[in-house]
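I have placed the structure first, in the form of C-alpha cells, so that the comments after it can refer back to it.
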Amino acid sequence: MNKYPEYNPKTIEKKWQDHWDATGCLNALASHDMPKFYNLIEFPYPSGAGLHVGHPRSNTAMDIIARKRRMEGYNVLFPMGYDAFGLPTENFAIKNNVHPAIVTKKNIDHFRTQLKRLGFSFDYSREIDTTDPKYYKWTQWIFLKLFEHGMVFRDKTLVNYCPSCKVVLSNEDSQGGKCDICHGDVVQLPKDVWYLRITKYADKLLEGLETVDYPENIKQQQVNWIGKSTGAFVKFALNGIDESIEIYTTRPDTLFGVTFMVMAPEHPLIDKYADKISNMDQILAYREECAKKTEFERTQLVKDKTGLKIEGLSTVNPLTGKIVPIFISDYVMMGYGTGAIMAVPAHDQRDWEFAKKFGIEIIEVIKGGDIEKEAYTGDGEMVNSDFLNGYTNKKDSIARVLEEIEKKGFGKPGVQYKMKDWAFNRQRYWGEPIPLIHCEKCGTVAVPYEELPLELPEVEDFRPGTDGKSPLAHIESFVNCTCPKCGAPAQRETDTMPQWAGSSWYFLRYCDPHNDNCFASPEELNYWMPVDWYNGGMEHVTRHLLYSRFWHRFLYDIGVVNTPEPYLKRTAQGMILGTDGEKMSKSRGNVINPDDVVDELGADAFRLYEMFMGAFDQAIPWQTDGARGCRRFLDRVWKLMEIMTTDEGISKDMAFDVHTCIKKVSEDYERMKFNTAIAQMMTLVNQMYSKGHVTRGEVKTLIQLLNPVAPHITEEMCELCSFGQELVRMPWPKVDEKALIKDEIEIAVQVNGKVRGRIMVPSTLTRENANEYFMANEEALRMIGTNAPKKLVYVPGRLLNAVV
RNA sequence: GCUGAAGUGGUGGAAUGGCAGACACCGGGGACUUAAAAUCCCCUGCCCUCAAAAGCGUGCGGGUUCGAGUCCCGCCUUCAGCACCA
C-alpha cells in the first residue's frame, strides 16, 4: 500500500514556481529591521540562444546561499536583470530587419521563462534591463557626473579599429590584435576618442583590493592588469641640440651601464629632427614594416630583435657625459612610459639581445652573473659606477642615485601603469547615447540633467556608416540641437557607450529599482550596500570588476554611495565543458540544452547535478549519466516517505549521523563545496535505507538541508508530510554538539606507518594516557606484533602508530 | 617568458600532515518479471591468488617526518590569464 503519490517533477515544480510567483515570498522585504544579505550574480546578456548550462551553475550556487540565508533569518536581496545592450542583438536586428528593442524584449522574456523553470529564488519585482530608458537615464547621469568632475576627456590618438565590425575597440577589447567580437584583425586608426580617466584611480583600485575578500588569483589578476611599477624619469640631452629625451626606468641605479638608447619607431622627436637624420628613408621603411606586423608576429619573434641606428642624432649620459647612440626598435612601445628607454644590456635581457645583434658594448655594473652569456637581473655588488660602487642592495643604490639625479635636476622618481585610460565611445546604435553637445562657441557641453534620459532615436538603418560614424550621425533631428549654455545651434555627440557602461553600476539600481528621482535612495543604499557576496565568471574578473569598482569608487568620492568598495566578497565558478571535455560550442555540436535536461529529469535533478558534478570553481565536463544518478537520488529521497514512522524526533541511533550531516552541509555550502555537501546527504539517505525505517524528524531535517539545492521536491514533501510551515520559512537546522560525541571510536593501528588493523577505543583517550592504555590492550599488541615498540604515537580519534 | 591553478581508479571526483579512492557514474553478478525497462541487493585501484595474506599504488626524482596525495628542493605535463611594460 502506498499512501503517497509518485514523484512527478513536472507537476510539482510548476506548482511551487507558480506559488512563489503568486505570493512573492522570496522577494526582498521592504522593511529594514532584519539584518540584510545582498547576494549577487552577474546579470546575463540575453542572447537569442537562451540559457546555456553554464548560467544555472552560478545561479544555483548563489540560490543555495540565498535560500540558506533566508532560513537563517536574513532579509535577502537576490536580484536578476539583463545586460542587454550589445552587438549580437544589434547584428541580429540588422540581419533580420527588426528593431533591437524588439529582439531584446523577446530574448529577455525567453530568459525569464527559462530561469523560472529552474526555480531560482530571484526577486523578479526588481528586475532591471540596461536598455530601458528608465535605467540608462542613470547610466547617463553617472557619465555626466564623471564629466563634471573632469574624469572625461577627448583625445586624438591611434585607436584599435575593427574594419569588420566598423567599431573602435578598447585595448581590453582587442587583446592580441584580434577583435573581441568577431575575432578579426584589428588595425590602428587615428580618431577622436572619449576617455574615462580610470588611471587616476589606479592607486585607489589597488589599495581597495586589500580591504576585500577576493580569491588570491583574482586579486593578482587585477594587480597585474593595473601593472603599477615604480622607477624614475630621466632626461638625456640630445647631443648638440637644445632638447632632451625623457626615458622611464625602474633601475636608475644602472645608469652607468647605459651603452645605447632605444626609441619606439613612431617617437615624435624623430620627425621633429628629421632634417638632422641622414638615414631617414631607412627609418621610414622600418616604420612601415612594423606597422604591417600583426601583434601575433611581434610576439612570436621575441628573441629576434630588429631595429636600426639613427644616424645624426645621439644623446649624452647625464651622469658620465659619455656619448650614447640612439636606435629605433619595435621592442619599445610608444604606449608605455615615454616611448624611449635607456638600454643597459648587461642587466636587461632584451637590451642584451639587441646589443649582441648590433655589436654594442656591454658594461657590467652589478656583479653576480656572466654577462657574456646573458643579462644578469639579480642583486649584487655595484661596480664601474663611480659613487654607487660597493652598494649591494637594490633599494639603497636606487635611493642614492635618485638623490643625485634630483640634485642635478635631470630626472625625478616616477610611477607607471600598464592600465590605460578607458576608451568610452563606440560607433554603434544599440548603446546608451553619450549625453554631450558640441557647440562651436562653448566647446563640449553637457546635456542638462533634467533632459535625461537622452533617448535613442528611431532610425531606419541600424548599420554603422561606412564613414566610421555612428548611425545616429545620420539623423538630423537628433544631431541638431541648441547649446544649453548659449542657445546657439549645436550638434549632439552621436557615439554611444560601450557595453561595459550599464554593468558598471547595476548592483546599485537593484537596491531601489523603481526610483525616478535618483539612481537609488540613500536609505536603500545604506541598508543594502555593499554587496555581501558576488559570484561570476573568471572572464570578468579583470575588466568588469575593475570598471565597476572604478565607477563605484568615484561615486563614493563624490558622496553619493556609502562604501568605497562595492563587493565584499567575490567568487568565481568554473566552466561546464561538453561531454568530450571541450568548451561547449555550436560548431563542435557538444552543447547541452538546459531545457532538455529539465524535461527529462526535472529542475531539481538538474540543479542537484550541477552542484554535485565537481568542485564549483573548476572546469568540469558534463556527463549525462551523472545527471541521471542525481535524479535517482531524488527518487530515493521521495520514497523515504514510504518507510517513515510517526515519530517526530530523531532516533538515538541516527542522532550522530544526522547531526554530522547538518554540520557538514552547513559548512560546505558556505565554502561552496556543494559536491561534498550533497555526498554527505547521499550517505545519510543510504544509512536510512540500510536501517529500514526513518522518523518524521529525520526526514524533516534532511529536506531542510536539501531544500536550497532542490527546493521543489522538498517543499512538496514538506506539505505531504504536514510538517507545518513551508521550508522557506523554517529556521535552518542547528547542530547538537552533544550528538557528535561517541563513547567509543574506531582507530587504525599502524606499524611504521602501515595499517595492520582497526580497534575500538574510548573517545576520552588522550595522548598522555595512550601508552599505558595500549600496552595493556591485547588486541592492539597482537597487531603490533612481537617486537617491543620503541615508541607509540597516538593521534586521538584517528590512529595509533607503533615504531619498531 | 611571467603570474596563477592543477596532475589521484575505466569516468566525474573525496581526503585540517594521520586508515588514499568518500559520494556518484560506468561495468559485472544476483533478485523481481512471461520478457524488458525501472527498482532492490552484492562486487568493482593494480598485481599474485580458489581464497586469504603479503606486495604495489596519488605525474617524475630527491628530502623532512613516527607517518607525505598533502610540507620542502629539483624537474615534466596540462589549463587559464598576461605578455618585448623598460
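Below, read A as the first sequence line, B as the second, and so on, with proteins coming before strands; counting in each chain starts at 1. Side chains are part of it too, since the values below use all heavy atoms of this structure and drop only hydrogens, waters and symmetry mates.
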- Task: Answer whether the closest heavy-atom distance between the side chains of A:Thr259 and A:Pro345 falls below 4.5 Å.
- Result: yes
- Considering heavy-atom distances to RNA chain B, does A:Asn217 or A:Tyr417 have its closest nucleotide positioned more toward the 5' end?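 With A:Asn217 and A:Tyr417 compared, the 5'-side residue is A:Asn217.
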Whole angstrom value for the distance that separates [atom2] of [N] from [atom1] of [X]:
{"X": "A:Met538", "N": "B:rU3", "atom1": "CE", "atom2": "P", "result": "17 Å"}
{"X": "A:Asp617", "N": "B:rC79", "atom1": "CG", "atom2": "P", "result": "19 Å"}
{"X": "A:Ile328", "N": "B:rA86", "atom1": "CD1", "atom2": "P", "result": "22 Å"}
{"X": "A:Leu792", "N": "B:rG67", "atom1": "CG", "atom2": "P", "result": "15 Å"}

- Base versus backbone protein contacts along nucleotides 13-27 of chain B [heavy-atom cut-off under 4.0 Å; B, S, -]: SS-B-BB--BBSSS-
Taking the inter-plane angle between the rings of [X] and [Y] on a 0 to 90° scale, is it parallel (under 30°), tilted (30 to 60°) or perpendicular (over 60°)?
{"X": "A:Phe674", "Y": "A:Tyr669", "answer": "tilted"}
{"X": "A:Tyr248", "Y": "A:Phe233", "answer": "tilted"}
{"X": "A:Tyr547", "Y": "A:Trp422", "answer": "parallel"}

- Could A:Lys356 and A:Glu374 be called an ion pair, given the rule that one side-chain N must be under 4.0 Å from one carboxylate O?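 Answer for the salt bridge query: no.
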- If the glycosidic angle is within 90 degrees of 0 it's syn, otherwise anti, so just tell me which one B:rG12 is.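 Anti conformation here, the glycosidic angle of B:rG12 being more than 90° from 0.
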Nucleotide forming a Watson-Crick or wobble pair with [N], both distances under 3.5 Å:
{"N": "B:rC46", "answer": "B:rG55"}
{"N": "B:rG69", "answer": "none"}
{"N": "B:rC25", "answer": "B:rG10"}

- Task: Check each of A:Thr60, A:Asp617, A:Asn535 against A:Gln573 using the side chain to side chain donor-acceptor pair (under 3.5 Å) test, and report the only one that passes.
- Result: A:Asn535
